[in-house]
Enquirer: 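First the structure, then my questions, so here it is.
Labels below follow one simple rule: chain letters A, B, ... track the order of the sequence lines, proteins then strands, and each chain is numbered from 1.
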2 protein chains.
Amino acid sequence: MENAFINLDARARTLLRTLIESYIRDGQPVGSRTLARTSGLSVSAATVRNVMADLEDMGLIHSPHTSAGRIPTPAGYRLFVDSLLEVRNPSPEEVRAIQSGFDPNASTQDLMDTTSNLLSRVTRMAGMVRLPRHRNVALSQIEFLRLGEGRILAILVIDGKEVQNRVLELERDFGQDELQRMANYLNAHLAGKSLHAVRAELLREMRDVRDDLDAMMLAAIDLGEKAVGDEDPDDVVVAGQTHLLGYEELADMERLRQLLEAFNEKQEILGILDQCIRSDRVQIFIGRESGLDWFENCSVVTAPYSVDGEVVGVLGVIGPTRMSYDRVIPIVDVTARLLGSALGDQPPGDPK
Amino acid sequence: MENAFINLDARARTLLRTLIESYIRDGQPVGSRTLARTSGLSVSAATVRNVMADLEDMGLIHSPHTSAGRIPTPAGYRLFVDSLLEVRNPSPEEVRAIQSGFDPNASTQDLMDTTSNLLSRVTRMAGMVRLPRHRNVALSQIEFLRLGEGRILAILVIDGKEVQNRVLELERDFGQDELQRMANYLNAHLAGKSLHAVRAELLREMRDVRDDLDAMMLAAIDLGEKAVGDEDPDDVVVAGQTHLLGYEELADMERLRQLLEAFNEKQEILGILDQCIRSDRVQIFIGRESGLDWFENCSVVTAPYSVDGEVVGVLGVIGPTRMSYDRVIPIVDVTARLLGSALGDQPPGDPK
DNA sequence: TCTGGCACTCGACCGAGTGGAGCGCTGACG
DNA sequence: CGTCAGCGCTCCACTCGGTCGAGTGCCAGA
């Protein structure tokens with residue numbers, strides 16, 4: 001595949017690029033004559049045919065039947081997005097549409113919903129956002145509530161606005177007043193620190209037990225660790241799945257069913273997104289590259305988003321492989337940046 | 001429509017029933033010859049033709065084109081389900097499948113998810129469950145947490161297991177200790193009563209202010225009312241939408257898009273379900289009867305479910321108009337009963 | 001190495017023809 | 001008056017053959 005790229009001379013690359021662009025635009029197999037006319041090169045259709053035959057040998061394009069034009073293979077798309085594509089800057093209206101969608105003082109959940117909606121509306125495909133990891137947001141407050149025999153509700157207030165409930169099942173039973181004192185202790189020690197730091201501190205304290213800690217403190221630390229320990233639930237917000245019904249290259253009902261089912265289950269979507277969280281740029285999956293066969297004719301464009309320089313999540317869109325990458329890529333890119341800054345701006349914009 | 005029923009003699013009704021059953025089974029327009037053979041009546045095809053012509057005049061059946069068999073109209077389906085249908089008892093396997101799906105000590109949310117999943121899996125259509133109104137579940141505990149300037153988090157524990165958070169925005173600021181005292185006051189007065197009763201009591205106390213209440217108590221009552229006041233959010237749980245992609249009578253992509261969109265928005269689904277909550281039996285909407293035109297070729301079968309004799313919600317399925325009503329209706333019916341008793345059994349099953 | 005030309009292939013489209021299912025109507029029968 | 005057999009007609013679904021056009025592969029010549 002790497003070799004394929006090296007072996008391609010400038011003319012072949014131009015032709016391949018023109019062919020794919022044309023196919024993306026029209027959805028029709030493109031033949032030698034049209035390609036010769038539209039490529040801008042002054043070569044004859046016959047010459048183009050020879051080049052096309054070479055490209056077909058390399059597995060970059062193929063004919064759906066003997067005498068039709070050529071369409072790109074997944075490998076062709078791969079080469080295209082990796083080294084032939086010139087991304088457009090997102091149009092000003094699009095940037096404005098995206099930017100105006102972000103409400104600076106919405107809750108995180110709302111922000112996620114808005115973002116995936118935005119992505120799906122602007123691209124007319126399905127948008128998805130991986131929830132941010134909360135590693136470096138500040139714990140404002142922690143409280144415990146006794147529900148029943150050994151069952152405790154832990155309430156974490158994060159960033160002064162986000163609230164998380166967790167039900168803990170314990171062997172020992174605590175009275176409400178004990179719980180209150182433990183919460184006071186934890187709040188005094190931990191409030192304002194990031195969840196990440198809180199967890200580290202609790203674990204450290206559990207390790208080197210000091211003499212000046214009484215049993216209650218120990219229990220408090222233990223309880224705090226349990227409450228904070230469970231990382232945020234893995235989840236992903238999806239929107240605009242129905243846009244995918246409009247693409248006739250995805251018209252196979254059975255495939256479509258599997259695709260929508262995947263959106264419901266979310267598990268496989270999560271898997272795909274998690275593969276992208278390492279990269280620091282826009283990433284693209286084409287067709288079956290992700291190893292899922294219901295993914296035929298689909299592509300994913302993702303970008304990680306970060307707060308204060310640390311990647312905390314991924315967002316992206318999923319649509320037909322035959323999509324306008326030059327338009328979609330910058331949209332996903334800029335949305336990721338804007339989401340990152342919307343998340344990052346909040347603490348300063350809403351001090352205490 | 002009523003007249004149509006009265007005017008139909010036994011033979012015509014048998015023929016209509018056989019025709020609709022046959023069409024539901026095969027999806028093919030059914031002609032006079034086959035109908036004469038399968039109806040069990042000993043009449044000739046010609047006679048059947050005469051009857052069919054009458055039925056067509058009444059608007060109960062129609063031909064898709066000049067010389068094809070007849071298919072039922074929505075009015076025909078209506079008559080069919082109202083007075084011709086003989087529902088089968090649900091098959092034992094189906095009852096068992098449904099019954100075994102209910103985990104007696106799952107949370108309400110889980111129960112709703114399970115139920116809609118169950119409905120969709122057993123019927124192979126889309127299942128939906130309207131969340132139960134909480135009017136008569138017991139409030140176990142109420143707590144307040146100060147989030148910031150005038151912003152308070154109210155935590156309601158219901159039935160000793162369900163937890164609800166509500167953020168209240170107030171004009172006046174309260175300290176955490178004030179909040180604690182108010183919560184104590186409310187808990188002492190209200191714990192164990194039903195949400196409905198709690199609300200009534202709070203409203204009553206607000207009306208006839210008594211002298212022996214100090215300002216704090218008043219504030220507490222006000223706060224409690226705010227916290228309990230907002231009824232549970234309207235919501236509905238949907239599952240198995242993707243099953244609908246399999247029915248070729250729903251193959252129109254644009255219609256399908258609208259249908260799935262409706263499931264996402266949930267608003268219209270809610271509207272339909274709310275129309276059914278009054279009835280105490282299985283209800284059926286056929287085609288456009290609900291007034292929504294994307295609903296063509298779809299039908300809804302719903303049944304309310306009740307706890308302790310009071311209807312608290314509705315569940316149902318949505319699928320193609322051409323569905324096996326005789327199978328679906330008892331399934332929906334029995335599921336509603338089982339869900340009701342699963343919800344009702346919990347308080348006795350989990351005392352305290 | 002490029003190019004024009006030629007033969008060939010294949011799908012899309014059209015129109016005619018055919019078979020079959022099904023209807024409406026009519027006239028006869030009990 | 002209800003029932004029924006039969007006839008003629010309509011319309012759909014399918015097939016078949018022919019044509020057209022787009023596109024390919026290959027070859028010979030510049």
Enquirer: Need to verify one output field. Residue with the more 5' nearest nucleotide on DNA chain D, V43(B) or T66(B)?
Expert: V43(B)

Enquirer: R33(B) has an atom CZ; how far is it from atom P of dG22(C), in whole Å?
Expert: 7 Å

Enquirer: Tell me whether T242(A) contacts the main-chain N or O of R257(B) through its side chain, where contact means a donor paired with an acceptor under 3.5 Å.
Expert: no

Enquirer: Under 4.0 Å between any heavy atoms, over every strand shown, what does A68(B) touch: base, sugar-phosphate, or nothing? Just pick one.
Expert: sugar-phosphate

Enquirer: Can you list every salt bridge (charged side-chain N to carboxylate O under 4.0 Å, His left out) pair that touches residues 18-30 of chain B, not counting sequence neighbours?
Expert: R17(B)-E21(B)

Enquirer: Does D9(B) come within less than 4.0 Å of R13(B), counting only side-chain N to carboxylate O?
Expert: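 Between R13(B) and D9(B) there is no salt bridge, as every charged N stays at least 4.0 Å from the carboxylate O atoms.
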
Enquirer: Does H243(B) reach the main-chain N or O of S120(B) with its side chain, forming a donor-acceptor pair under 3.5 Å?
Expert: yes

Enquirer: Does dT3(C) have its OP1 or OP2 closer than 4.0 Å to a side-chain nitrogen or oxygen of T47(A)?
Expert: yes

Enquirer: Between dC23(C) atom P and D57(B) atom CG, what is the distance in whole Å?
Expert: 14 Å

Enquirer: In whole Å, what is the span from the CZ atom of R49(B) to the C1' atom of dC25(C)?
Expert: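 Checked: the CZ to C1' distance equals 10 Å.
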
Enquirer: Using the ring of each side chain (for Trp, its six-membered ring), is Y325(A) parallel, tilted or perpendicular to F80(A), with breaks at 30° and 60°?
Expert: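 Geometry flag for F80(A) against Y325(A): perpendicular rings.
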
Enquirer: Between dG22(C) atom P and E56(B) atom CD, what is the distance in whole Å?
Expert: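 From E56(B) CD to dG22(C) P: 15 Å.
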
Enquirer: Rounded to the Å, how far apart are L55(B) CG and dC23(C) P?
Expert: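 Going from L55(B) (CG) to dC23(C) (P), I get 12 Å.
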
Enquirer: Mind calculating the distance between NE2 (H62(B)) and C1' (dC23(C)) to the nearest angstrom?
Expert: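 Nearest whole value for this atom pair: 15 Å.
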
Enquirer: Taking S39(A) for the side chain and L15(A) for the main chain, is one N or O donor matched with an acceptor at less than 3.5 Å?
Expert: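 No: the side chain of S39(A) does not pair with the backbone of L15(A).
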
Enquirer: Atom NE2 of H65(B) and atom P of dG22(C): how far apart are they, to the nearest Å?
Expert: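 It works out to 10 Å between those atoms.
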
Enquirer: Tell me whether T38(B) contacts the main-chain N or O of T34(B) through its side chain, where contact means a donor paired with an acceptor under 3.5 Å.
Expert: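 Indeed, once roles are kept as given, a pair shorter than 3.5 Å links the two residues.
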
Enquirer: Nearest-nucleotide wise, let me know which of N50(B) and N50(A) is further upstream toward the 5' end of DNA chain D.
Expert: N50(B)

Enquirer: Of all nucleotides in DNA chain D with an atom under 4.0 Å from a non-hydrogen atom of chain B, which is the first and which the last going 5' to 3'?
Expert: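 With heavy atoms of chain B under 4.0 Å away, the range is dT3(D) to dC12(D).
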
Enquirer: Under 4.0 Å from OP1 or OP2 of dC23(C): is there any side-chain N or O of R70(B) that close?
Expert: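 Looking at the OP1 and OP2 atoms of dC23(C), one of them is under 4.0 Å from a side-chain N or O of R70(B).
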
